[in-house]
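Here the structure is laid out as structure tokens; the discussion comes afterwards.
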Amino acid sequence: EIRDLKKRLTEIEDHHKHRLDEMVAFVDSGGSTAWDVAGRAKWATGALADFEPFMQRAAVGETLVHLEYLFEVGRLSKVMRGRTLSWLPV
């Protein structure tokens, strides 16, 4: 039950801002894949390498959403290297 909606919305917004900042910090200067970034992220349920395959896909999918958003707002760039998409800091 949510008793203070405005407070809860602020908490969610703050969480997302913090998560976006983390994602930027997890991208190496030479570039990182979504898998690399997801592996560096702190997950509430443990480490990416220890997840079941389904949960690994979910974590990488969530990471991709953040990386794409960060690209769209100009905080990251991306480049294809062969068949691999890498994200780069701007």
- Task: Check the pair Trp35 / Gln56 against side-chain contact (heavy atoms from CB on, under 4.5 Å), numbers first and verdict last.
- Result: CA-CA 9 Å; Trp35 178 265; Gln56 287 179 335; 3.7 Å; yes

Closest non-hydrogen atom pair, [X] against [Y]:
{"X": "Val60", "Y": "Ala38", "result": "CG2-CB, 4.0 Å"}
{"X": "Arg81", "Y": "Gly31", "result": "NH1-CA, 4.1 Å"}
{"X": "Val90", "Y": "Ser77", "result": "CG1-N, 3.6 Å"}

What's the separation between atom [atom1] in [X] and atom [atom2] in [Y], rounded to the nearest 0.5 Å?
{"X": "His16", "Y": "Glu13", "atom1": "NE2", "atom2": "CD", "result": "9.5 Å"}
{"X": "Leu9", "Y": "Lys7", "atom1": "CG", "atom2": "NZ", "result": "12.5 Å"}
{"X": "Asp36", "Y": "Trp87", "atom1": "CG", "atom2": "CH2", "result": "12.5 Å"}
{"X": "Asp21", "Y": "Arg75", "atom1": "CG", "atom2": "CZ", "result": "4.5 Å"}
{"X": "Ser29", "Y": "Leu88", "atom1": "OG", "atom2": "CG", "result": "9.0 Å"}

- Item | Ile2 atom CD1, over 12 foreign heavy atoms within 6.0 Å |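 Not buried by this count: 12 neighbours or fewer within 6.0 Å.
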
- Message: How about NE2 on His18, more than 12 heavy atoms from neighbouring residues, nucleotides or ligands closer than 6.0 Å, or not?
- Response: no

- Message: Is the shortest side-chain heavy-atom distance between Leu85 and Thr33 below 4.5 Å?
- Response: no

Do [X] and [Y] land in one hydrophobic cluster if side-chain heavy atoms of ILVMFWY residues count as linked below 4.5 Å?
{"X": "Val37", "Y": "Met80", "result": "yes"}
{"X": "Leu20", "Y": "Phe26", "result": "yes"}
{"X": "Trp43", "Y": "Leu67", "result": "yes"}
{"X": "Val73", "Y": "Met23", "result": "yes"}

- Message: I'd like to know if Arg40 and Asp28 make a salt bridge, using a cut-off of under 4.0 Å between side-chain N and carboxylate O.
- Response: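 The answer is yes: the pair qualifies as a salt bridge.
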
- Enumerate the residue pairs fulfilling side-chain hydrogen bond (donor to acceptor under 3.5 Å, both in side chains) with a member in residues 57-69, sequence neighbours excluded, ordered by first and then second residue.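 The answer is Glu68-Lys78.
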
